[in-house]
Amino acid sequence: MTQDSKRRRRSGGRAGNAERRGANAIEQMPWNPPLNIDRPVEPLTDEGVMAVHDGAMRILEEIGIEILNPEALEIFRKCGGCTINGENVRMGRDYVMEMIAKAPEQWTVTPRNVDRTITLGGNNILFGNVSSPPSYWDMNLGRKVTGTREMCQNIFKLSQYFNCIHFVGGYPVEPQDIHPSIRHLDVLYDKLTLTDKAAHAYCLGKERVEDVMEMVRIAGGLTHEEFEATPRMYTNINSTSPLKHDYPMLDGWMRLARRNQGLVVTPFTLAGAMAPVTMSGAVAQSLAEGLIAVVLAQIVRPGAACAIGTFTSNVDMKSGAPAFGTPEYMRATQMTGQLARFYKLPMRASGVCAANVPDGQAMWETSNSLWSGVQSGANFIYHAAGWLEGGLIASPEKFVMDCEILQQIQRYMDPSLTATGPDEIAIDAIREVGDQGHFFGIQHTQDRYETAFYQPYLSDWRNYEAWEAAGGVWTAQRAHQVYQDILAEFEAPHMDEAIREELAAFVERRKAEGGAPTDF
């Protein structure tokens with residue numbers, strides 16, 4: 001690396017730019033990741049917390065987890081705290097607690113735009129875009145189609161545009177018009193040039209993980225030492241429930257741990273199918289599967305930045321189909337939040353639904369899942385905008401509709417709503433109006449009316465007659481128009497031209513080398 005490139009820094013994309021870009025399409029709230037000012041919902045008693053913890057520890061002590069990565073297996077073998085039988089790893093609870101105590105309770109991810117730095121842990125709530133659906137639906141098409149690069153780019157644009165989206169997950173829709181061997185290169189190039197927010201890497205083999213780390217380093221204008229000084233990106237891995245971790249995800253997990261990047265482990269445990277039908281049993285299994293990955297990260301790099309996630313829901317016992325946003329999903333999320341605080345680890349949740357189109361079902365299920373994340377004290381909420389059909393479809397209309405909920409959550413957490421000073425109790429205003437007048441015209445109202453209440457960009461509060469006279473446009477149709485308006489005015493965040501060229505050159509070189517190996 002030349003001295004000039006070592007000195008180069010990210011030079012564009014301040015947070016205010018996003019607000020200016022948003023001024024014409026909609027009037028949105030500013031970039032302001034909310035703090036959770038509420039007490040968490042805790043359905044478990046203290047005895048219940050210890051019972052679930054004991055269940056997770058007994059799974060690790062008595063049953064064990066299958067570790068299908070030979071390198072990880074050897075690391076566990078050498079650590080001295082585990083019992084290995086073939087690929088099965090068991091460990092005592094004292095060792096588990098000793099190791100996870102090394103993980104920080106709070107950590108940051110610093111993307112190429114340092115003003116978009118995010119903090120996981122504490123009372124922070126962060127929302128991310130939909131990730132990984134293979135298919136796409138929008139109102140122009142009116143049907144489910146295979147994802148393309150253009151569709152992926154368009155949802156990246158929404159992810160950058162909305163200030164209530166704080167990090168950019170994996171592929172917002174899988175662009176299947178790009179060969180899998182080079183797909184990660186094109187998508188990461190688009191992600192890093194169309195957005196300036198914290199970026200995600202899939203743990204899908206050595207080449208993909210190493211390529212993504214190098215591209216994030218280049219995009220930030222960082223030396224290798226600067227890249228490793230603090231997390232600049234993050235990953236999420238899933239266990240292969242029940243009770244397994246596969247080869248590629250653990251490979252990427254260890255690579256990112258060694259280079260001090262953010263690590264989130266989220267077992268995907270569907271009660272009744274991949275976990276016990278009882279929610280406390282499903283949560284205990286999920287915790288066991290997650291904690292062993294945290295232990296591995298701490299062996300590889302003590303102090304590695306880890307978070308534990310929940311994706312515990314239930315199946316429809318009539319069809320076997322996954323269900324989301326259910327009462328069971330909400331309680332499992334809240335219970336996991338209690339255990340995450342017990343383990344002093346940041347927590348990831350999700351904003352999900354099983355609906356197939358952006359309709360009423362989509363919104364009540366998503367709202368349930370989002371609010372359960374808030375209630376649980378989750379710090380990192382994946383798939384918060386754009387998710388349909390249990391994660392098989394990404395929809396821009398659903399994305400726009402979900403961001404209305406996210407803004408409302410942000411406003412709900414505004415401390416001004418619960419302020420109790422003299423101006424808020426407003427005795428003088430009440431005295432002025434008395435029992436004969438109204439509050440519309442008094443000075444107390446006039447001084448505050450513009451900012452007193454949340455103003456939606458999508459909801460229509462007119463009466464039926466006015467709504468009908470204006471064309472009778474339903475919510476999803478309004479969302480489609482907002483989406484089109486955002487695309488029409490979108491401007492990518494600034495990137496230094498020399499950095500863009502270096503990034504493009506890296507992509508072309510890796511493509512020429514064949515990218516990542518595939519078996520098809």
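Note on ring orientation: taking the six-membered ring where Trp is involved, the planes of His383 and Trp387 are tilted (angle from 30° to 60°). The aromatic rings of Tyr457 and Phe162 are tilted relative to each other, their planes meeting at an angle between 30° and 60°.
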With side-chain hydrogen bond (donor to acceptor under 3.5 Å, both in side chains) as the criterion, how do Asp485 and Gln481 come out once you've worked through the C-alpha distance, each side chain's angles and the decisive distance to 0.1 Å?
CA-CA 6 Å; Asp485 292 345; Gln481 187 58 55; 2.9 Å; yes
Go through it in stages, so that I can follow the logic: the residues are Asp211 and Arg208, the test is salt bridge (charged side-chain N to carboxylate O under 4.0 Å, His left out), and I'd like the CA-CA distance, side-chain angles, deciding distance and then a yes or no.
CA-CA 5 Å; Asp211 285 345; Arg208 290 179 177 87; over 6 Å; no
His53 vs Tyr343, test: ring pair (Phe, Tyr, Trp, His ring centres under 6.0 Å). Steps then yes/no.
CA-CA 9 Å; His53 166 64; Tyr343 297 126; 5.5 Å; yes
Using side-chain hydrogen bond (donor to acceptor under 3.5 Å, both in side chains), reason through Ser241 and Glu289 one step at a time and then give a plain yes or no.
CA-CA 8 Å; Ser241 302; Glu289 293 176 6; 2.6 Å; yes
Candidate pair Arg341 and Glu42, rule salt bridge (charged side-chain N to carboxylate O under 4.0 Å, His left out), full reasoning
CA-CA 11 Å; Arg341 286 186 292 280; Glu42 298 192 330; 3.0 Å; yes
Please report the C-alpha distance between Thr195 and Lys157 in whole Å, then the side-chain angles of each, then the deciding distance to 0.1 Å, and finally whether the side-chain hydrogen bond (donor to acceptor under 3.5 Å, both in side chains) criterion is met.
CA-CA 7 Å; Thr195 81; Lys157 292 174 183 178; over 6 Å; no
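Applying the 6.0 Å contact sphere to NZ of Lys344 captures no more than 12 heavy atoms from other residues, nucleotides or ligands. Other residues, nucleotides and ligands place no more than 12 heavy atoms under 6.0 Å from the OH atom of Tyr412. Within 6.0 Å of CE on Met97 lie more than 12 heavy atoms contributed by other residues, nucleotides or ligands. Residue-environment remark: CH2 (Trp467) exceeds the threshold of 12 foreign heavy atoms within 6.0 Å.
Nearest heavy atom pair, residue Cys403 against residue Ala385, reads SG-CB, 4.1 Å. Between Leu270 and Val315, the closest heavy-atom pair is CB-CG1, 3.8 Å. The two atoms that bring Asn163 and Gln28 nearest to each other are N-OE1, 2.8 Å, heavy atoms only. The two residues Ser459 and Glu404 come nearest to each other via the heavy atoms N-OE2, 3.0 Å. Shown here for Thr230 and Gln261, the closest heavy-atom pair between the two residues is O-NE2, 3.8 Å. Across all their heavy atoms, Ser280 and Met335 have their closest contact at CA-CE, 3.6 Å.
Taking the ring centroids of Phe399 and Tyr161, they lie at or beyond the 6.0 Å cut-off. Aromatic pair His184/Tyr202: centroids not less than 6.0 angstrom apart. Aromatic ring centres of Phe127 and Tyr382: separated by at least 6.0 Å. Aromatic ring centres of His245 and Trp253 lie farther apart than the 6.0 Å criterion allows.
Here the side chain of Ser367 pairs no donor or acceptor atom with the backbone of Trp364 at under 3.5 angstrom. At least one donor-acceptor pair under 3.5 Å links the side chain of Gln298 to the backbone N or O of Ala304. The closest donor-acceptor contact from the side chain of Glu150 to the backbone of Thr148 lies at 3.5 Å or more, if one exists at all. Judged by distance alone, with hydrogens and angles left aside, the side-chain atoms of Asp138 form a donor-acceptor pair with the main-chain N or O of Leu141 at under 3.5 Å.
A cation-pi arrangement is absent between Arg143 and Trp137 under the rule of less than 6.0 angstrom and at most 45 degrees off the ring axis. A cation-pi arrangement is not found for Arg183 relative to Tyr171, the charged atom failing to lie both closer than 6.0 Å to the ring centre and inside a 45° cone about the ring normal.
The pair Arg478-Glu397 fails the salt-bridge criterion, with no side-chain N (NZ, NE, NH1 or NH2) lying under 4.0 Å from an Asp/Glu carboxylate O. The pair Arg149-Asp190 counts as a salt bridge, with a side-chain nitrogen and a carboxylate oxygen less than 4.0 angstrom apart. Under 4.0 Å is where a charged nitrogen must lie from a carboxylate oxygen, and between Asp460 and Arg462 at least one such pair does. Between Glu389 and Lys144 there is a salt bridge, with a side-chain nitrogen of the basic residue lying less than 4.0 Å from a carboxylate oxygen of the acidic one.
The distance from the CD atom of Gln455 to the CH2 atom of Trp461 is 5.5 Å, given to the nearest 0.5 Å. Here OG of Ser372 is found 6.5 Å from CD of Gln334. Values are rounded to the nearest 0.5 Å.
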